[in-house]
Amino acid sequence: MSRLIPSEIEPKWQAAWDDAECFRAVHDPERPKYYVLEMFPYPSGRIHIGHVRNYTMGDVIARYKSSCGFSVLHPMGWDAFGMPAENAAMASGGHPATWTYDNIREMRAQMKPLGLSIDWTREFATCDPEYYAQQQRLFIDMLEEGLIYRKAAVVNWDPVDMTVLANEQVENGRGWRSGALVERRELTQWFFKISDFAEELLEALDGLEKWPEKVRLMQANWIGKSRGLQFAFSLVDDPDGFDRVEVYTTRPDTLMGASFVGISPDHPLAKALEKDNAEIAAFNAECRRMGTSEEELETAEKRGFDTGLTVRHPFDTAWELPVYIANFILMDYGTGAIFGCPAHDARDLEFARKYDLPVVSTFEPLDAEGFVAPDDGGDAYVPQKSEKVSYVKGFAGDEAQTGSQGIDAAIAFCEDSGVGRGVTKFRLRDWGLSRQRYWGCPIPVVHCSTCGTVPEKRENLPVRLPDDVSFDQPGNPLDRHPTWRDVPCPKCGAPAKRETDTMDTFVDSSWYFARFTAPHAETPTNMAEAGYWMNVDQYIGGIEHAILHLLYSRFFARAMHLTGHLPERCKEPFEALFTQGMVTHEIYQTRDAQDRPVYHLPEDVERRDDGVFLRDTGAAVEVIPSAKMSKSKKNVVDPVAIVESYGADTARWFVMSDSPPERDVEWTAAGAEAAFKHLGRVYRIAFELKDAGAPEGGAEDAALERATHRAIADVTEGIEGFAFNTSIAKLYGFTNTIAKSKASAGARAQAMRTMAQLMSPMTPHLAEEVWSLLAGEGLVAQAAWPKADPALLVEDSVTLPIQINGKRRGELEVAADADKAAVETLVLEHPAVVKALDGGQPKKLIVVPGRIVNVVV
RNA sequence: GCCCGAGUGGCGGAAUGGUAGACGCAGCGGAUUCAAAAUCCGCCGGUAGCGAUACCGUGCGAGUUCGAGUCUCGCCUCGGGCACCA
């Protein structure tokens with residue numbers, strides 16, 4: 001075979017790896033371990049090119065670390081519970097379990113040909129009863145530990161389908177299937193007490209040094225620690241026995257600019273008022289028709305209802321402020337009531353202008369020139385808290401101070417005068433885990449009229465999902481399944497009812513990484529295995545999980561420690577995190593007779609010099625710039641088809657080569673073709689050298705050896721730094737060097753063996769083929785990673801650019817170890833410098849050894 | 001709306017505050033071939049110039065610095081997240 005034929009070599013080497021059990025994770029106390037994990041996939045049924053990129057990144061790391069002598073754990077599983085399976089069952093009548101397991105079988109079959117170094121013996125799906133049994137056990141342990149409780153919370157309720165909707169199932173305030181107006185409804189639901197850990201989860205972020213800064217920032221903002229003032233406005237009358245409205249503010253320094261008090265429609269006072277006031281009831285009802293997402297509340301038009309009540313300003317009992325019910329105030333945050341200071345909050349200003357409320361500045365810029373105050377029609381003035389401002393209506397401390405100082409002074413003043421107290425609050429809310437759906441992990445609790453909520457006995461776990469369910473009626477099938485639902489109380493034996501809510505799928509993914517260390521243990525984890533394999537040394541996944549999944553997992557690791565399922569040092573389970581970008585593709589669009597867009601698959605269009613056209617009709621196609629691949633836009637490429645035509649190595653090489661891993665990569669047919677050609681070239685070079693003897697040892701051989709060591713150093717650095725694209729660029733360069741080298745065949749063969757090793761994390765099949773062609777020993781997959789010899793990396797001389805006033809004007813070749821003084825002398829002799837100086841002296845001469853020279857004249 | 005990113009040739013991108021455009025794609029020129037495919041060699045940011053070279057150039061506008069793609073501030077555009085999508 002003188003030509004690379006992936007379909008022949010790829011299955012061959014995959015079989016060889018299987019035979020040698022190369023990827024079986026071995027608990028070997030003698031060796032350091034390395035746990036590399038990619039966020040496990042949802043089994044949608046088809047792998048996506050984004051999966052190929054995600055798993056190839058992990059595979060590069062896994063294979064590299066294995067070559068470096070680590071005992072590697074690189075597992076794979078399925079995030080298998082969730083709504084799509086139920087939606088499919090509703091749409092086509094099957095069972096979610098059948099749909100899910102069929103999809104898993106299909107996706108596994110698509111993933112295997114990629115040649116990933118995964119230990120498939122550890123595979124599981126979160127919908128396996130074996131897995132969720134252990135999750136139920138964790139639930140009971142956490143419940144007993146006081147980490148779980150019940151309270152009322154609002155959900156999106158579809159009054160026609162009689163079901164709870166996810167935020168994504170609400171479109172413009174209506175249910176996606178029924179089209180009915182969605183209501184907010186309160187249900188009693190289960191919660192994890194994640195807010196108890198707010199301070200700790202925030203502080204521990206500092207220790208996550210190998211996490212992207214942006215993810216730590218996003219989590220810190222999400223936890224949202226704030227210091228503020230809590231105090232009460234006294235009500236002028238005492239409606240329904242309410243004598244005060246408790247508010248929390250992070251800007252107590254603006255208290256003299258208050259112009260109204262706002263309360264949430266869900267505030268106890270609002271609820272009391274609506275009992276005797278139909279207008280308020282109507283307004284509150286309307287607010288409750290809004291969705292439950294923060295985004296919706298924030299972007300909705302700010303609306304309020306004047307209750308007619310007034311409160312007294314704490315510093316001036318004659319000053320009365322109106323009380324509004326306002327649609328943008330969350331009952332979940334702070335006290336569910338605020339005071340509005342329109343001059344220093346854009347939202348309050350919008351509200352004040354709408355309802356004709358006063359706008360009073362409490363501070364202005366120190367340099368007020370050109371400043372239009374909000375009360376004169378300008379924008380709300382909201383400077384950074386660190387910025388010094390001039391207090392025009394302050395009441396505490398200096399006139400000119402920073403916002404932070406003003407806030408501290410205001411809190412101190414209010415505490416001294418007994419008006420309120422400084423408090424620390426967090427934005428982080430408790431994690432509601434109840435879902436009113438079938439396809440999730442059952443919550444192992446029974447409701448008994450005498451004993452209350454009773455956990456299922458541990459020996460009865462798992463509480464299995466019943467198989468005999470149908471999705472032809474609205475609502476949760478568990479709710480109407482009498483033999484499953486109606487059970488005796490585990491405590492007293494009296495007739496009782498099972499909890500019919502199931503768990504949020506985020507629970508499933510909050511501990512799967514720990515389960516991989518002992519996937520078939522009779523307990524959630526095996527402490528010996530967890531002790532060896534944890535923590536995850538490198539976690540890889542999408543930035544879209546930056547907050548929720550990662551925060552929940554961090555909480556779960558702590559909760560699992562408290563319940564004895566993980567060692568204390570596993571509280572931060574992910575040592576290093578890498579967030580990869582998406583794979584994008586351009587979109588091909590035509591228009592139908594009604595001028596509506598019609599999308600076309602990449603394989604159905606043809607690119608010619610004069611444009612892009614449909615293959616079958618020849619119609620001109622409009623090309624829309626690359627976007628995230630989506631089925632609806634048809635801008636998808638099927639990895640299975642790519643692997644069939646080019647092989648897995650080409651797909652792997654391309655997704656690693658064209659963009660930095662953290663950024664999006666655009667899939668292009670030309671790029672895939674180029675990757676394929678390059679791999680063919682590497683193969684050809686190796687093939688021609690297959691009978692080469694030993695290196696002859698001339699000057700050219702020595703030069704090639706230096707280039708080899710340079711390549712080892714550069715490629716290794718790229719892999720270590722997650723810059724796979726630059727590693728690949730170096731490999732292109734190294735290929736060119738070998739192809740052009742005049743070194744002996746033996747020396748070139750030697751270089752190509754190193755090439756095989758350096759390419760093996762990215763293109764493992766080709767690497768094995770080249771390695772075996774050139775008589776490498778054993779499998780590349782089991783060979784030790786090459787080491788660069790520092791002595792071969794140093795250069796004799798360097799070319800220094802000479803800048804004059806920061807602009808490049810010449811070059812200077814000097815010995816690599818030339819000292820500063822020697823360089824300075826040479827620089828001053830350089831013709832361009834002599835000319836620029838024109839006989840004078842340089843103002844400044846900057847020599848950065850080995851880098852650059854700058855002459856200031 | 002709020003929080004977090006990203007923006008560099010025709011395209012994907014490279015560049016510890018130190019020669020902007022490595023490497024690849026596309027394009028152009030050449031070799032090989034009866035011809036093509038494949039392969040190999042060379043050129044390839046813009047403007048002006050035969051050329052040496054000069055000027056401009058990293059989304060826009062300021063600033064710090066001997067020196068800014070890189071740091072700071074203010075904008076613009078695009079993307080991610082916003083607690084029941086996973």
Side-chain angles (χ1 to χ4, degrees), chain A residues 3 39 41-42 44 79 81-84 153 155-156 164-170 189 212-215 217-222 224 292-300 302 328 332 346-347 350 427-437 504-506 508-509 542-549 551-552 579 581-582 584 625-628 654 657-660 662-666 668 670-671 673-675 677-678 680-681 684 723 725-726 728-733 736 739-740 799-811 842-846 848 850-856:
Chain A
R3 191 164 63 86
M39 291 178 184
Y42 180 80
S44 61
D79 189 11
F81 275 133
M83 291 200 306
V155 293
N156 298 307
V164 175
L165 298 178
N167 283 335
E168 70 157 14
Q169 295 175 317
V170 180
Q189 308 201 61
E213 185 57 38
K214 62 174 170 178
V215 174
L217 239 177
M218 285 162 85
Q219 292 218 350
N221 287 335
W222 187 260
T292 55
S293 75
E294 189 174 318
E295 182 187 2
E296 209 171 327
L297 290 179
E298 290 280 340
T299 51
K302 310 294 174 279
F328 58 89
D332 289 330
R347 200 167 51 178
E350 184 188 336
R427 204 183 76 100
L428 181 67
R429 309 202 294 257
D430 278 335
W431 168 16
L433 70 116
S434 297
R435 296 293 180 271
Q436 295 71 34
R437 292 184 228 293
D504 178 7
T505 56
F506 272 122
D508 312 338
S509 56
I543 184 70
E544 66 272 20
H545 294 292
I547 298 175
L548 294 180
H549 163 60
L551 192 63
Y552 291 159
T579 55
M582 299 176 301
T584 64
S626 259
K628 179 178 181 169
F654 177 71
S657 70
D658 240 31
S659 275
E662 67 276 16
R663 289 246 287 269
D664 293 350
V665 63
E666 182 179 24
T668 61
E673 184 71 32
K677 278 187 191 173
H678 178 74
R681 184 182 187 211
R684 261 193 324 278
N725 55 323
T726 60
I728 285 180
K730 300 295 180 189
L731 286 167
Y732 271 105
N736 285 333
K740 287 175 188 169
T799 305
L800 289 186
I802 297 176
Q803 291 185 336
I804 294 167
N805 291 337
K807 285 190 186 277
R808 185 177 168 279
R809 284 293 182 267
E811 281 182 352
K843 217 179 199 173
K844 208 167 182 182
L845 186 58
I846 295 137
V848 185
R851 302 298 297 193
I852 203 165
V853 178
N854 193 8
V855 187
V856 185

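Just the heavy atoms: all of them, side chains too, but no hydrogens, waters or symmetry mates, feed the values below.
Shown here is Lys730(A), whose NZ atom has no more than 12 heavy atoms of other residues, nucleotides or ligands within 6.0 Å.
Within the nucleic acid shown, Ala546(A) has no heavy atom closer than 4.0 Å to any nucleic acid atom. Contacts of Gly671(A) with the nucleic acid, taken as non-hydrogen atoms under 4.0 Å apart, are absent. Among the protein residues, Asn725(A) comes within range of the sugar-phosphate backbone only, with heavy atoms under 4.0 Å from sugar or phosphate atoms but none that close to a base.
Base pairing of rG69(B): no nucleotide in any strand meets the Watson-Crick or G-U wobble criterion (both distances under 3.5 Å). When Watson-Crick and G-U wobble pairs are counted only if both distances are under 3.5 Å, rC11(B) pairs with rG24(B). Using Watson-Crick or G-U wobble geometry with both donor-acceptor distances under 3.5 Å, rC40(B) finds its partner in rG30(B).
Taking the side chain of Asn854(A) as heavy atoms from C-beta on, and the options rA14(B), rA83(B), rG18(B), the nearest nucleotide is rG18(B). Considering only the side chain of Arg684(A), rC40(B) comes nearest among rC40(B), rG13(B), rG18(B). Closest to the side chain of Tyr732(A), from the set rG24(B), rG80(B), rC4(B), is rG24(B). Nearest nucleotide to the Tyr552(A) side chain, out of rA83(B), rG5(B), rC66(B): rA83(B). Among the nucleotides rG1(B), rC84(B), rC41(B), the one closest to any side-chain atom of Thr299(A) is rG1(B).
Not a single donor-acceptor pair, N or O on each side, falls under 3.5 Å between the base of rC84(B) and the side chain of Gln169(A).
The pair Lys214(A)-Glu662(A) does not meet the salt-bridge criterion, since no charged nitrogen lies less than 4.0 angstrom from a carboxylate oxygen.
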